[in-house]
Amino acid sequence: MKTVTEIVNQQLFSAEDLRVLLNAKGRDRELLFAKARKVKESVTGKKVYFRGLVEFSNVCSKDCLYCGIRKSNGKVVRYNASDEEILEACRFAWEKRFGSVVLQSGELESKSFVQRVDKLVKKIKQLSNNELGITLSCGEQSQETYLRWFESGAHRYLLRIEASNSELYYKIHPDTPKHSFEKRVEALQFLREAGYQVGTGVMIGLPFQTSDDLVNDLLFFKKIDIDMCGMGPYIEHEHTPLYQFRHLLQPKMDRFHLALNMIAVLRLLMPDINIAAATALQAIDPAGREKALTVGANVIMPNLTPCEYRKEYLLYEDKPCLDEDAALCRNCLEARIELAGSEIGYDEWGDSKHFLSRQ
Ligand code: SAM
Ligand code: SF4
């Protein structure tokens, strides 16, 4: 059997190699992390890019079985931030030289929602002299809508596949046409065709998920040739159907470690993509995102959602930064990123090198 030292020095990786790396512990893990960090620094550089995250609405028409803001969770107070509040948060990002923002929300396909996002994208471009990069994360939409938003100025899109094994996908989503696995894969294709930098990802440590599933998730990312990835630990939420399977979960710390291994292995498998340090890492370990930056991640998403709404965008328990205002968030992040040995790419979009070289 190959050693971890041998595997990390390869250029190509078999499924078996990936499995060995994913399960690396102790000294092997240190080797994996050190190599992932080296690859990141030599390929994407030492910079970490900010994406100011605005969770502008928790209204959702879907019922994903893991998500705290799913349509059927009657305990959530629904909100829609006003255009002014959203634009104010984006102006803050621009003035603080963040370079980019992410607009994220529940999934709606109504005409008014599509128009609203379109208008917001145009206004964000206007208020920042076209300087802010815009990533959208508003779920599955028609090909026409994706094109429309792209033409208005959005240039990156995040749509996690959540689980690339369709059987697992249907264990964590209702088996209805609205939650179709095929439709989700097709949406990723539409995004690519529209011209976006395409980001996807999965939750790590889901009930019923095996190591083989995670290996196949990595191979799926490679196969569809993603430009960006955002993946983090699955964290249970009491008011969701998946909570009944919490006895099947690994301890949270194990999910956290597995998520770091996934990030490091993906950095070796796809050296020039952008990888985000997911917020869910911070829900388990307060320094979780910074740790991810030291093992391969190069993007971080400071939360700019107006404070009053944050407690209603509770996807999972212990979601961090619920009462931290945006300015505080930036100051504390700066210090922590420097501690993690990286620099911040102020005023830069920090586009995916993988995307740029495909162009
Ligand atoms: N509605 C859009 C969508 O589903 O693509 C974007 C917003 S959704 C809240 C963003 C991400 O939150 C999902 O892709 C999912 O992976 C993550 N998420 C939801 N519930 C979670 C949980 N319990 N633990 C970890 N991540 C979760
Ligand atoms: Fe809605 Fe996204 Fe949550 Fe699914 S994951 S319920 S689409 S907000």
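Note that ligands are numbered from 1 as they come in the structure, with each ligand's atoms numbered from 1 the same way.
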Which atoms from ligand 1 have a heavy atom of [X] less than 4.0 Å away?
X      : answer
Ser137 : 6 (C)
Ser105 : 1 (N), 2 (C), 6 (C), 7 (C)
Arg160 : 14 (O), 15 (C), 16 (O), 17 (C)

- [ ] Validate the cation-pi geometry between Arg246 and Tyr243: distance from NZ or CZ to the six-membered ring centre under 6.0 Å, angle to the ring axis within 45°.
- [x]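 Ring-cation test returns yes.
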
Open item on the list: Pairing donors with acceptors under 3.5 angstrom, does anything connect the side chains of Asp227 and Asn274?
Closed with: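 Distance-only check fails for Asp227 and Asn274.
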
Open item on the list: Side chains of Ser164 and Asn216: any donor to acceptor distance under 3.5 Å?
Closed with: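 Ser164 and Asn216 do not have a side-chain donor-acceptor pair below 3.5 Å.
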
TODO: List for me each residue that meets ring-ring contact (aromatic ring centres under 6.0 Å, His included) alongside Phe150, sequence neighbours excluded, and say none if there are none.
DONE: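 Per chain and number, Phe150 pairs via ring-ring contact (aromatic ring centres under 6.0 Å, His included) with Tyr196.
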
With only distance considered, is [X] within less than 3.5 Å of ligand 1 through an N or O on each side?
X      : result
Arg184 : yes
Glu162 : yes
Tyr66  : yes
Ile235 : yes
Tyr313 : no
Tyr316 : no

Would you mind checking which non-hydrogen protein atom is closest to [atom], with the distance to 0.1 Å?
atom                    : value
atom 26 (N) of ligand 1 : Met203 SD, 3.6 Å
atom 9 (C) of ligand 1  : Leu315 CD2, 3.3 Å
atom 25 (C) of ligand 1 : Pro233 O, 3.5 Å

- [ ] Compare all side-chain heavy atoms of Gln209 with those of Asp217 and state whether any distance is below 4.5 angstrom.
- [x]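 Of all side-chain heavy-atom pairs linking Asp217 with Gln209, at least one is under 4.5 Å.
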
Task: Note, Asn303 side chain near Glu55 side chain (heavy atom, < 4.5 Å) - done: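 Touching, per the 4.5 Å side-chain cut-off.
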
Open item on the list: If the condition is side-chain contact (heavy atoms from CB on, under 4.5 Å), which residues does Leu356 pass it with, not counting sequence neighbours?
Closed with: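 Leu356 satisfies side-chain contact (heavy atoms from CB on, under 4.5 Å) with Asp351 only.
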
TODO: Describe, in one word, how the ring planes of His173 and His179 are oriented to each other, choosing from parallel (under 30°), tilted (30 to 60°) and perpendicular (over 60°).
DONE: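 Taking His179 first and then His173, their aromatic rings sit tilted (interplane angle of 30° to 60°).
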
- [ ] Indicate the ring-plane relationship of Trp149 and Tyr146, choosing parallel, tilted or perpendicular according to the 30° and 60° boundaries.
- [x]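 Because their plane-to-plane angle is over 60°, the rings of Trp149 and Tyr146 count as perpendicular.
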
Open item on the list: Any side-chain to backbone donor/acceptor pair from Gln141 onto Leu108? Under 3.5 Å, distance only.
Closed with: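 Checking the backbone N and O of Leu108 against the side chain of Gln141, a donor-acceptor pair under 3.5 Å is found.
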
TODO: Kindly indicate whether atom 11 (C) of ligand 1 is approached by any protein heavy atom to under 4.0 angstrom.
DONE: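 When distances to the protein are checked, atom 11 (C) of ligand 1 has no heavy atom within 4.0 Å.
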
Open item on the list: Any protein heavy-atom neighbour for atom 2 (Fe) of ligand 2 (distance below 4.0 angstrom)?
Closed with: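 Neighbour list for atom 2 (Fe) of ligand 2 is empty of protein heavy atoms (cut-off 4.0 Å).
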
Task: Pairs touching residues 253-262 that satisfy side chain to side chain donor-acceptor pair (under 3.5 Å), sequence neighbours left out - done: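 Counting only pairs at least two positions apart or across chains, the side chain to side chain donor-acceptor pair (under 3.5 Å) contacts touching residues 253-262 are Arg29-His257, Arg29-Asn261, Glu236-Arg255.
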
Task: ring pair (Phe, Tyr, Trp, His ring centres under 6.0 Å) between Phe208 and Phe245, worked out - done: CA-CA 9 Å; Phe208 314 111; Phe245 299 112; 4.9 Å; yes

- [ ] Examine the proximity of ligand 1 to Cys67 and report which part, side chain or backbone, both or neither, has a heavy atom under 4.0 Å away.
- [x]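 It is both backbone and side chain that touch ligand 1.
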
- [ ] Record the part of Gln104 in heavy-atom contact with ligand 1 below 4.0 Å; permitted values are side chain, backbone, both and neither.
- [x]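 The side chain, only.
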
Task: If only protein N, O or S atoms under 2.8 Å count, total around atom 3 (Fe) of ligand 2 - done: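 Those protein atoms number 1 in total.
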
TODO: Output, in order, the C-alpha distance, side-chain angles, deciding distance and verdict of salt bridge (charged side-chain N to carboxylate O under 4.0 Å, His left out) for Lys71 and Asp63.
DONE: CA-CA 5 Å; Lys71 180 181 172 204; Asp63 252 332; 5.6 Å; no

Task: Single-linkage hydrophobic cluster, 4.5 Å side-chain cutoff, Val39 and Val295 together - done: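 Same hydrophobic cluster.
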
